[in-house]
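Here's the structure we're looking at; comments come further down.
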2 protein chains.
Amino acid sequence: MLTKRNYSPEELTALLQEHGINPTGQRLEIARLLFARAEHLSADDVFVLVNKTVTKVSKATVYNTLGLFAEHGLIRAVIADPNKVFYDPNTAAHYHFYDVASGRLTDIDADGVRISGLPPPPDDARMEGVDVIIRLRRGDRPVH
Amino acid sequence: MLTKRNYSPEELTALLQEHGINPTGQRLEIARLLFARAEHLSADDVFVLVNKTVTKVSKATVYNTLGLFAEHGLIRAVIADPNKVFYDPNTAAHYHFYDVASGRLTDIDADGVRISGLPPPPDDARMEGVDVIIRLRRGDRPVH
DNA sequence: CTTAATGCAAAGGCTTTGCAGAGAC
DNA sequence: GTCTCTGCAAAGCCTTTGCATTAAG
């Protein structure tokens, strides 16, 4: 369940700062866009969308910014498609459907889902997150 | 739990045929290697390993073959690392630890793990598989 | 003035594709 | 001879990097 939200410029600025991110013009614009859409966007999606607005942002900055946001926990990177990374403004625990044919990601609310019996992480390692991706294929025909 | 297994040439041939795959020399060699190692190998890993044997296989053929195997359910593609696809000779239900720093995948036996409360797939879609990837980070320091 | 952020273009890594040559039947 | 597979090289796509320019304080 993505929380679609139109933050005011002040709220956005505060949000970035809370995450230790220096709120520059481009970063604010990218963040605004991500939270307003609340979809799963690829870097290129963001690049296209942000450049439809007044603010112009280069591809390098889009990549750097998305990486920065993910690193600081403002958004989350979703590895589901071998060809590209999706960025998800929803950092609450939730899972994903992934439509193999269309490459579309859909949220699965974590409420009601219970995963039990997972072994503890080995040694000195720390669990950073649990990704659950359910691959879907449309149509009636079995794969083979 | 990967099932390490040294198939005889006849068994391998039969295995491929059971999956509707024409058992050519290169394909047999790649399959042999995958099942004997029973690790999570990238296409390039396979390329390097197979060319240490007598049989020489081009990169294109390695990619095509791995794609073919995965398509026919002989092996399984694991999308965990944004940079490359891993191929897993274990097609039984199981999950993965993924060490973010080293890029290493480790198996989690599905026995004992229970996932409940997942919503049904939408519409006409069919569940093709459930991928569970637990991201690990080594060291004591929290991310931020 | 000093430090950080941005843009541009080039480079990089993984994977796919086009097409010619080799192999199987 | 026909159909399939293989190899090579080139192309493609997503992403990162190097470096000069610009903005911020």
Side-chain angles (χ1 to χ4, degrees), chain A residues 9 12-13 16-17 19-33 40-51 53-72 74-75 77-88 100 103 105, chain B residues 9 12-13 16-17 19-33 40-51 53-72 74-88 100 102-103 105:
Chain A
L12 266 182
T13 302
L16 294 215
Q17 283 171 341
H19 287 268
I21 299 164
N22 191 3
T24 68
Q26 284 87 337
R27 289 172 182 172
L28 286 168
E29 191 57 33
I30 290 175
R32 192 187 60 69
L33 187 155
H40 304 92
L41 300 174
S42 69
D44 195 62
D45 292 337
V46 173
F47 175 70
V48 170
L49 286 170
V50 77
N51 283 299
T53 68
V54 211
T55 320
K56 293 290 174 279
V57 185
S58 72
K59 214 156 223 181
T61 299
V62 169
Y63 275 95
N64 289 337
T65 300
L66 290 172
L68 188 76
F69 284 2
E71 222 177 86
H72 288 251
L74 182 64
I75 62 177
V78 181
I79 318 293
D81 186 309
N83 305 307
K84 61 186 167 218
V85 176
F86 284 105
Y87 291 94
D88 190 341
V100 178
L105 273 180
Chain B
L12 266 183
T13 302
L16 296 214
Q17 284 170 341
H19 287 268
I21 299 164
N22 192 4
T24 67
Q26 284 88 337
R27 290 173 183 171
L28 285 168
E29 191 57 33
I30 291 175
R32 194 189 56 69
L33 186 155
H40 303 93
L41 301 174
S42 68
D44 195 62
D45 293 336
V46 172
F47 174 70
V48 170
L49 287 169
V50 77
N51 283 299
T53 68
V54 212
T55 321
K56 293 291 173 279
V57 185
S58 71
K59 213 156 225 181
T61 299
V62 169
Y63 275 96
N64 289 337
T65 301
L66 290 172
L68 188 75
F69 283 2
E71 220 177 89
H72 288 251
L74 182 63
I75 62 178
R76 167 181 170 188
V78 181
I79 317 293
D81 187 310
N83 304 307
K84 60 187 168 216
V85 176
F86 284 106
Y87 291 93
D88 190 340
V100 178
S102 71
L105 273 180

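Labels below follow one simple rule: chain letters A, B, ... track the order of the sequence lines, proteins then strands, and each chain is numbered from 1. Every value quoted in this text rests on a predicted model; they were computed, and no experiment measured them.
Rounding to the nearest 0.5 angstrom, the gap separating the CZ atom in B:F86 from the CG atom in B:D88 is 10.5 Å. Note that CG of B:L41 is 11.0 Å distant from CD1 of B:I30, once rounded to the nearest 0.5 Å. Here the CD-OG1 distance, from A:Q26 to A:T55, works out to 7.5 Å after rounding to the nearest 0.5 Å.
Atom CG of A:L66 and atom P of C:dT6 are 12 Å apart (whole Å). Between the CG atom of A:N51 and the P atom of C:dC8 there is a distance of 9 Å, given to the nearest Å. Taking atom CZ of A:F69 as the reference point, atom P of C:dA5 lies 12 Å away to the nearest angstrom. We find that CG of B:D44 is positioned 8 Å from P of C:dT15, with the value rounded to whole Å. The CD1 atom of B:I79 sits 12 Å away from the C1' atom of C:dC14 (whole-angstrom rounding). In this structure, CG of A:N64 is placed 14 Å from P of C:dC8, rounded to the nearest angstrom.
Note on B:Q26: every side-chain N or O is 4.0 Å or more away from OP1 and OP2 of C:dG23. Note on A:T61: every side-chain N or O is 4.0 Å or more away from OP1 and OP2 of C:dT6. The shortest distance between the side-chain N/O atoms of A:N22 and the OP1/OP2 oxygens of C:dA5 is below 4.0 Å.
B:H40 contributes no side-chain N or O that, together with a main-chain N or O of B:Y87, makes up a donor-acceptor pair within less than 3.5 Å. Under a 3.5 Å cut-off, the side chain of A:K84 and the backbone N or O of A:S42 do not form any donor-acceptor pair.
Just one of A:L16, A:T13, A:V57, A:T61 meets the side chain to side chain contact (heavy atoms under 4.5 Å, CB included) condition when paired with A:R27; it is A:L16.
Where DNA chain D meets chain A (any atom under 4.0 Å from a heavy atom), the bounding nucleotides read 5' to 3' are D:dC14 to D:dT17.
The 5' end of DNA chain D is approached more closely, in terms of each residue's nearest nucleotide, by B:T24 than by the other of B:N83 and B:T24. Residue B:G25 is the one, among B:G25 and A:V85, whose nearest nucleotide of DNA chain D lies closer to the 5' end (criterion: closest heavy atom).
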